[in-house]
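Counting convention: from 1, in listed order, for ligands and their atoms alike. The basis for the numbers below is simple: all heavy atoms, side chains too, and nothing from hydrogens, waters or symmetry mates.
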Amino acid sequence: MSKLILVTGGAGYVGSHCVLEFLNKEYNVIVIDNLVNSTIINGNGLPESLIRVQHLTGKKLKQFIDGDLRDSELLDSIFSNNNIDVVIHFAGLKAVGESIAKPLLYYDNNITGTINLLKSMEKFKVNKLVFSSSSTVYGEPEELPITEHFPTGQNCTNPYGRTKYMLEEIMKDLCVASPDWSIMSLRYFNPVGAHFSADIGEQPNGEPKNLMPYITQVAVGVRKELKVFGNDYKTSDGTCIRDYLHIEDLAVGHLKAIDKIYNNNFPGFHAINLGTGRGYTVLEVIQAFKMATGVKIAYKIVDRRPGDACAVYADARLAHEVIGWKATRGLQDMCSSAWKWQQKNPNGYRSKVK
Ligand code: NAD
Ligand code: UFG
C-alpha cells in the first residue's frame, strides 16, 4: 500500500511543486490549506495550483481540505479518519515586512498552528515530520559557507524568522522528550523558478518582495525597473550574495527527506540545509537572466534594504551525506523557468492555461 502523506500548505508555491512530485511517486496525498495565500478560481473547491498539479500528473489528491491549522478539532478529525504515515508541513505566513507590522498574526499563525499540528500528531501517534525551515534562522553569518552547526536565532531580524527558529527549538524539545519522533527541518536557502511545464510557479500578491519575481515582472513589463538594494556591501560588485535554488530541486529534496525518515530508523531532530552551495550577487542574477532569456532588466541602485545580510550561502554537504540530495539545476535554468512561467501566466493562476 502506498504511503499517505498529509501536506499542510500544499496549495502554495513550494507545496504545489512538492505535491506534484509526491503524486508522481504514487504517494496518497491529503492537503490542508486555508487558502490565505492561494487562489480558487473555478468554484469547485480546489485551488488552481492543485487543479494544475492534478492535470500535470494525471493523478488525484485523496482529499483537499480548506481548513486552518489553528482549528485543532479539524486537525484531530483528519488524523482520526486517516492512517497518515508522514506529515510535510509547509503552511505558514512568510512575508518578512508584514511580520514586522503584525507580529501577533505571525506568532499565532505559525507557532499556534504548528503546535496544534504537533499535538494532534502526538495524540494519534504519527511522529514523522518534514518541516519547512529557512536559512533566515542563521541571520547574518560570521563565516561562509553556512553549516548546520552555526548558531541560530541570535541574529534573526524579524518575527517571521523568529517563528522558524522558535519552531525548531520546540521540535528539538519534543524529540528529546520522546525518542519516537523523527523530524527533519529543511532549511531552504532561496527557492526560485518554476516547474518545467510553466503551469505552476510562484504567484506573489501585489508588488513582489523577492528578487526573481520582481525581475520577471520587470521583464514582462508589469514593473518599470528593479530596485537593487545597495551596492556598497563587501562583495565583488557591492550587491548582496544569495544561494538561489531551483524549486524542482527543492521538491526532490522533500522526496529524499521522506525516504530517509520513513524507510530508515532515523529518530530525533535533524536540521539540513537545502541550497546549491554557490552564491550569486544581485547583479550576477540580472546578468544570468539576460543570458538565459535574452531580456535585459532595467534597474537602479537604491539604498540598502534594512535587515538584509551581506552574503548567505549554504554548505550543502550534509544534505548529500544524510539524504543523498544535491541540487542539479543552475541559475540559467532557474531564470528561464521563472520567465517561462511569467510569460505563460502573466496574471499568475488567474491566467488561462494555454
Ligand atoms: P506560500 O505562501 O506560497 O504557501 C504557504 C501555504 O500555506 C499557502 O497556500 C497558505 O494558504 C497556507 N497557510 C498559511 N497559513 C496557514 C494556516 N494557518 N493553515 C492552513 N494553511 C495555511 O509559501 P511558500 O513559498 O510555498 O512557503 C512554504 C513554506 O516554506 C513556508 O513555511 C515558508 O515559510 C517556507 N519557506 C519558504 C521560502 C521561500 O522563499 N518561498 C524560503 C524559506 C522557507
Ligand atoms: N533584492 C533587490 N531588489 C528587490 C528584491 C530583492 O535588490 O526588489 C535583493 C535583496 O536585497 C537580496 C536579494 O535580492 O540581496 C535576495 O532577496 P530576496 O528578497 O529574494 O530574498 P532574501 O534572501 O531576502 O529572503 C528570502 C525570503 C525569506 C527567506 C530567505 C531564505 O524572503 O523569507 O529567502 O530562504 F527566509
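Residue contact annotation: N109 has a non-hydrogen atom under 4.0 Å from ligand 1.
The shortest N/O to N/O separation between M212 and ligand 2 does not fall below 3.5 Å. By the 3.5 Å distance cut-off applied to N or O atoms, L226 is not counted among the residues near ligand 2. The shortest N/O to N/O separation between L93 and ligand 1 does not fall below 3.5 Å. By the 3.5 Å distance cut-off applied to N or O atoms, F189 is counted among the residues near ligand 2.
Nearest to atom 9 (O) of ligand 1 by heavy-atom distance, out of L35, N37, D33, is D33. Between Y138, Y299, F229, it is F229 that holds the heavy atom closest to atom 5 (C) of ligand 2. Here atom 18 (P) of ligand 2 lies nearest to N210 when heavy atoms of V228, N158, N210 are compared.
Close contacts between ligand 1 and S134 involve ligand atoms 43 (C), 44 (C) [criterion: under 4.0 Å to a heavy atom]. Interface atoms of ligand 1 facing K164, defined by a heavy-atom separation under 4.0 Å, are 31 (C), 32 (O), 33 (C), 34 (O).
Looking at E48 and R350, no side-chain N of the basic residue comes within less than 4.0 Å of a carboxylate O on the acidic one, giving no salt bridge.
Neither the backbone nor the side chain of Y233 comes within contact range of ligand 2; no heavy atom lies under 4.0 Å. Contacts of D308 with ligand 2, taken as heavy-atom pairs under 4.0 Å, involve the side chain alone.
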